[in-house]
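One structure is given below, encoded as structure tokens.
Every chain is numbered from 1, with letters handed out A, B, ... down the list of sequences.
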Number of protein chains: 2
Amino acid sequence: MDGLLTSEPDVYSASPLAEGDALQGLAQLLAADLAATNATIVARMASEVELIPQLAAHLIAAGGKRLRPLLTLASARLCGYRGERHVRLAACVEFIHTATLLHDDVVDESDLRRGLASANAVFGNKASVLVGDFLFARAFELMVADGSLEVLRILCNASATIAEGEVLQLSTQNDLSTDIPRYFQVIQGKTAALFAAACEVGAVVADRDRSVAASLSGYGTALGMAFQLVDDALDYAADQNELGKTVGDDFREGKLTYPVLIAYAAGDPAERAFWQRTIERGEQSEDDLGTAFELIARHDAIGQTIERAREFARSAQECLADLPDDPVRALMMQAADYAVTRRH
Amino acid sequence: MDGLLTSEPDVYSASPLAEGDALQGLAQLLAADLAATNATIVARMASEVELIPQLAAHLIAAGGKRLRPLLTLASARLCGYRGERHVRLAACVEFIHTATLLHDDVVDESDLRRGLASANAVFGNKASVLVGDFLFARAFELMVADGSLEVLRILCNASATIAEGEVLQLSTQNDLSTDIPRYFQVIQGKTAALFAAACEVGAVVADRDRSVAASLSGYGTALGMAFQLVDDALDYAADQNELGKTVGDDFREGKLTYPVLIAYAAGDPAERAFWQRTIERGEQSEDDLGTAFELIARHDAIGQTIERAREFARSAQECLADLPDDPVRALMMQAADYAVTRRH
């Protein structure tokens with residue numbers, strides 16, 4: 001693992017703390033909006049059915065980066081919006097995100113054998129599904145109260161795209177013949193669609209014209225792609241001792257991710273047989289994770305993944321080129337760099 | 001079982017086929033609308049992600065009674081509506097219903113031990129969740145395309161109520177101390193809320209005033225309660241040889257239903273110990289279903305359940321009293337009787 005990291009010195013050269021500054025900077029600049037969003041989230045997950053706030057709090061109150069609502073707040077401010085609607089919509093975006101996390105927690109018997117742990121491990125499949133449904137419905141109720149059919153259209157559409165992306169991931173998850181365009185289609189759905197919608201609704205509440213909304217949507221899509229690719233990379237590259245992040249989760253779950261597709265495509269027959277056994281058939285023994293790291297390193301799969309992420313980050317920044325040059329835009333530009341250089 | 005049925009001769013006196021006529025009559029009267037609804041359903045569940053139409057078809061194309069969309073179509077016609085929007089909204093209602101069925105299919109490890117079989121058994125938990133999410137999102141996209149915030153409000157609200165009802169059911173499912181009001185809260189959420197919303201949107205598309213919408217919503221709620229109570233009863237009373245309906249599913253799944261609550265409340269200590277073992281702790285052996293039938297019969301729990309259903313059916317009919325006396329209303333009145341007298 002150290003070998004892996006030192007073989008890509010350019011990728012991880014900046015200090016992680018300095019890299020974090022872009023998101024922290026946005027959160028500081030938008031502190032009042034973010035606090036109001038958090039208050040809305042807590043108020044709206046209330047239910048007399050106790051299990052609902054209990055389980056929702058397990059995810060929502062636990063914190064998280066609030067990355068997606070931050071994008072809504074930032075986009076609205078960048079578009080010159082001065083009202084309060086963006087707070088409610090940022091809460092919607094976080095509810096949708098949390099609902100998809102809960103639904104992503106649902107496991108099949110085969111997964112249980114692999115020993116996953118999650119909110120699901122505490123509350124069970126059924127609770128994860130139903131509380132997720134409740135949060136989805138709450139998100140849509142909030143949007144209806146807001147009253148913009150355009151916002152509803154954007155977030156309904158994103159929800160359908162997320163579900164399609166997740167189903168596609170499920171259909172391809174044990175299939176190493178999945179090609180790169182198809183893999184991009186999966187992560188565009190499961191990750192980038194909500195990033196894009198989160199940004200786009202910011203332009204819509206500010207009543208800016210379609211070209212501005214399209215630029216922000218493009219920024220969100222590219223940023224989401226970069227984030228997901230780096231997530232893929234970190235699972236095979238992050239320093240296990242750093243910040244409690246565990247590596248190898250994707251491998252143990254038999255997930256088909258970008259680094260694996262690269263290593264598989266470049267592998268010799270013996271290597272391909274290794275990936276087929278461990279990923280396609282899910283037959284793994286203790287030494288396999290080490291072998292996976294070796295093969296990933298041998299073909300520079302992390303470097304290639306990060307390079308793809310960097311391209312998406314550049315494209316995200318280009319989308320902001322025509323928007324006003326102000327502190328929010330500067331931090332959104334830096335957030336794209338951070339997406340690539342972050343270590344966790 | 002025969003003993004059970006013959007002990008309530010009044011309850012099941014009418015012929016099952018004659019009883020079916022109310023729904024069949026509605027379906028015939030609204031045949032063109034229903035055909036258009038089916039076409040919309042098939043068109044809108046399309047996706048290039050193959051698993052989606054595959055799994056959705058498993059439920060939707062398999063038929064089913066189309067009871068909820070029929071309520072939307074009937075309510076709209078009863079309100080004098082002559083346009084086409086009700087067809088799209090009827091499809092939404094069926095998508096929401098199908099999504100909740102898919103999510104209801106999701107099981108925990110403990111359920112797997114009890115040997116449930118469903119769409120889930122073929123496709124798995126994860127697929128059921130994600131395709132359900134896709135259908136939810138599609139339903140909301142259809143509503144956004146329709147453009148009525150009032151319709152969106154009604155169906156978002158129903159979706160949140162359904163999820164809350166299902167979570168409440170999950171929280172109380174092994175708790176025999178659940179009281180009747182709480183049980184009614186569960187079925188009001190999981191079943192009656194969508195019946196009510198299905199009827200109410202019919203009044204909304206017809207642009208009728210709030211009092212008409214409220215009457216139809218009240219009809220739907222009461223009809224849904226009656227349907228659910230009779231479902232509860234049939235699981236302990238239906239003739240197993242008739243139409244392939246299996247009895248005892250609820251018992252084997254350890255479901256807390258109205259007849260069980262009645263029998264438990266009236267039971268002596270030994271009987272209560274039986275229900276605690278079989279329902280609360282889920283410890284069942286082969287003879288237990290027979291014993292459950294005996295205890296249900298001993299306390300006339302089926303008769304009491306049907307009587308409650310009959311009260312709800314009467315209340316449903318009263319809700320229609322002020323609406324125009326036409327063939328649709330007559331069939332909706334009969335449908336409330338059918339809810340109680342049906343055998344399957």
- Message: Counting only non-hydrogen atoms closer than 4.5 Å, does A:E150 touch chain B with its backbone (N, CA, C, O), its side chain (CB onward), both, or neither?
- Response: neither

- Between A:F195 and A:F227, is the gap from one ring center to the other below 6.0 Å? yes

- Note on the structure: Checked A:V131, A:V167, A:I162, A:L149 vs chain B; the most non-hydrogen pairs under 4.5 Å come from A:V167

- Query: Are B:F140 and A:F140 near enough that their ring centres are under 6.0 Å apart?
  - Reply: yes

- Message: At a 4.5 Å cut-off on heavy atoms, which part of B:Q185 comes close to chain A: side chain, backbone, both, or neither?
- Response: side chain

- Parallel, tilted or perpendicular, as decided by the 30° and 60° cut-offs, for the rings of B:F184 and B:Y258: parallel

- Query: Can you list the steps and then say if A:D175 with A:S177 is a side-chain hydrogen bond (donor to acceptor under 3.5 Å, both in side chains)?
  - Reply: CA-CA 5 Å; A:D175 182 5; A:S177 72; 2.6 Å; yes

- Message: Taking side chain as everything from C-beta outward and backbone as N, CA, C, O, which of these in A:S171 sits under 4.5 Å from a heavy atom of chain B? Side chain, backbone, both or neither.
- Response: side chain

- Can you tell which of A:E48, A:E50, A:R138 has the highest number of heavy-atom pairs within less than 4.5 Å of chain B? A:E48

- Over 12 non-hydrogen atoms of neighbours within 6.0 angstrom of CZ in B:R182: no

